[in-house]
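Below, chain A is the first sequence line, B the second, and so on; all start at residue 1.
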There are 2 protein chains.
Amino acid sequence: MNSVNSTQLQPELTKLGIRLRRLRHQRNWTLEALAKQTGISEAYLSRLEGGERQPSLSILFTLAGAYNVAISSLFEPEQTAESCVIVRAANAVIQEGQGLLYTPLSSGNRFTSLHPMRVTVTANRQGDHLYQHEGEEWLYVLTGQLQLTIEDEEYFLQPGDAAHFDGRTPHRLSSVGGSDVEIILVACAPPHPLRGSHS
Amino acid sequence: MNSVNSTQLQPELTKLGIRLRRLRHQRNWTLEALAKQTGISEAYLSRLEGGERQPSLSILFTLAGAYNVAISSLFEPEQTAESCVIVRAANAVIQEGQGLLYTPLSSGNRFTSLHPMRVTVTANRQGDHLYQHEGEEWLYVLTGQLQLTIEDEEYFLQPGDAAHFDGRTPHRLSSVGGSDVEIILVACAPPHPLRGSHS
DNA sequence: AAGATAATTTGCCTAGCGGTCAATTTTTTC
DNA sequence: GAAAAAATTGACCGCTAGGCAAATTATCTT
């Protein structure tokens with residue numbers, strides 16, 4: 001009665017194995033070389049890379065050390081190595097949400113982490129809602145005067161000013177001075193954002 | 001003769017335990033509740049959080065599932081929850097490197113992932129060097145005309161255009177049209193960059 | 001093509017640790 | 001204070017992580 005496999009385990013093990021093997025091949029190492037370096041037997045390494053064994057953390061730490069990568073990187077979703085996405089000012093697609101005007105500055109999900117956009121905070125809009133999300137956020141004021149509220153702190157930003165803050169602390173944007181504010185906003189989301197929490 | 005502990009294991013286990021406990025407390029869950037939900041015994045959970053046991057991957061996957069977080073996040077360095085960093089245009093600190101002029105737009109390392117900067121590509125500079133680094137890169141042209149070379153592809157960007165690419169593919173910036181180019185550049189580095197590889 | 005050598009995989013085994021139950025201790029509540 | 005809830009610990013077992021050595025497959029050499 002092991003209800004363990006809510007996230008099916010085997011495919012994850014296979015993926016892990018593949019990543020490990022790729023790391024090794026990238027370095028042109030043989031199983032023997034790796035075994036000698038880490039003190040782990042060739043046989044076991046082979047089984048790991050085949051996804052036939054479930055490595056203990058100590059093994060994972062050792063391997064991550066040998067490859068000089070973070071353990072977490074062994075579990076991160078594959079980077080789609082799409083080379084480049086260009087978004088032209090001419091083709092801007094403006095979206096509306098919560099009284100703000102958005103223009104995504106990258107076509108979405110080919111890259112995982114960065115989510116850049118151009119945002120227009122319309123004049124006299126009073127930001128009612130406090131935003132809160134995983135990851136970091138950074139913004140840069142192009143034109144206008146921005147009022148940035150972080151939790152209970154207030155900042156006033158001029159064109160050329162930048163702000164960098166933790167997305168988890170409640171924040172809000174509004175314009176001051178009676179004219180629209182144009183900003184560049186870049187969010188950086190972790191690979192697997194925490195969605196609505198608890199039961 | 002287990003040469004496993006190159007990266008000392010025990011402290012990592014402790015850290016992991018602390019993270020797990022924090023996740024549980026954040027949700028106001030009791031060991032019993034978590035045990036019931038996951039099918040893992042309270043006793044064992046307690047030991048895990050105390051760092052006294054080395055969880056198997058299947059256990060980790062189950063827990064990550066219960067908390068709805070990525071497994072990798074269990075191994076990532078603590079996010080320093082510093083709330084906000086403001087950089088004023090007035091206080092810009094200009095640095096020079098490789099023929100480019102940099103202005104960091106966030107004061108460094110309090111946040112891990114995002115590294116925003118304003119870059120001036122001086123006129124007629126010929127980007128000789130091809131850059132290559134971990135993580136993603138995104139840029140936005142403020143003024144001037146930029147020539148962006150990604151591997152063997154060439155792109156010409158006008159003010160307002162944006163580009164998003166994988167930092168690992170070799171890339172280079174240069175100016176065209178005989179005038180300086182001002183851009184916003186945001187790099188997104190993974191927590192633990194791969195430093196110089198292999199032996 | 002066939003030896004020879006390097007590289008990986010597989011059969012088989014077991015020590016040790018992951019994981020549980022039940023009892024004990026600590027913390028909270030009223 | 002007692003009583004209930006939450007967390008920890010002792011003692012134990014089964015399973016599997018991981019090693020050894022033989023077998024297989026891939027890579028050279030000539």
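- Considering only side-chain N and O atoms, B/T30 lies nowhere under 4.0 angstrom from the phosphate OP1 or OP2 of D/dA5.
- For the pair A/R24 CZ and C/dT8 C1', the computed distance is 8 Å after rounding to whole Å.
- If you check the side chains of A/Y140 and B/R118, you find a donor sitting under 3.5 Å from an acceptor.
- Here A/S56 does not reach the OP1 or OP2 of C/dC17: none of its side-chain N or O atoms lies under 4.0 Å away.
- The phosphate of C/dT8 has neither OP1 nor OP2 within less than 4.0 Å of any side-chain N or O from A/S46.
- If you find the closest nucleotide of DNA chain D to B/Y44 and to A/P55, the one lying nearer the 5' end belongs to B/Y44.
- Here D/dG19 presents its C1' atom at 15 Å from CD of A/E52, a figure rounded to the nearest Å.
- One atom, CH2 of B/W29, and another, P of D/dA7, lie 13 Å apart when rounded to the nearest Å.
- Taking atom CD of A/E42 as the reference point, atom C1' of D/dA22 lies 13 Å away to the nearest angstrom.
- A donor-acceptor contact under 3.5 Å is formed by the side chain of B/R47 with the base of D/dG10.
- Taking all atoms of both residues into account, the shortest heavy-atom contact from B/A35 to B/S41 is CB-C, 4.3 Å.
- Whole-Å rounding puts the A/L60 CG to C/dG18 P distance at 13 Å.
- When atom types are taken as modelled, the side chain of B/S46 and the backbone of B/E42 share no donor-acceptor pair closer than 3.5 angstrom.
- Among the nucleotides D/dT9, D/dG19, C/dG18, the one closest to the side chain of B/A43 is D/dT9.
- In this structure, the CG atom of A/L31 is 14 Å from the P atom of D/dT27, given to the nearest Å.
- If you measure from atom CD of B/Q54 to atom C1' of D/dG18, you get 13 Å, rounded to the nearest angstrom.
- As rounded to whole Å, 14 Å separates atom C1' of D/dT16 from atom CD1 of B/I59.
- Here A/R21 reaches the OP1 or OP2 of C/dT9: one of its side-chain N or O atoms lies under 4.0 Å away.
- Within 4.0 Å of A/E49, counting heavy atoms only, lies no atom of the nucleic acid at all.
- Here the closest heavy-atom approach between residue A/S175 and residue A/V121 is recorded as N-CG1, 3.7 Å.
- The OH atom of A/Y155 lies 10.0 Å from the OG1 atom of A/T149; values are rounded to the nearest 0.5 Å.
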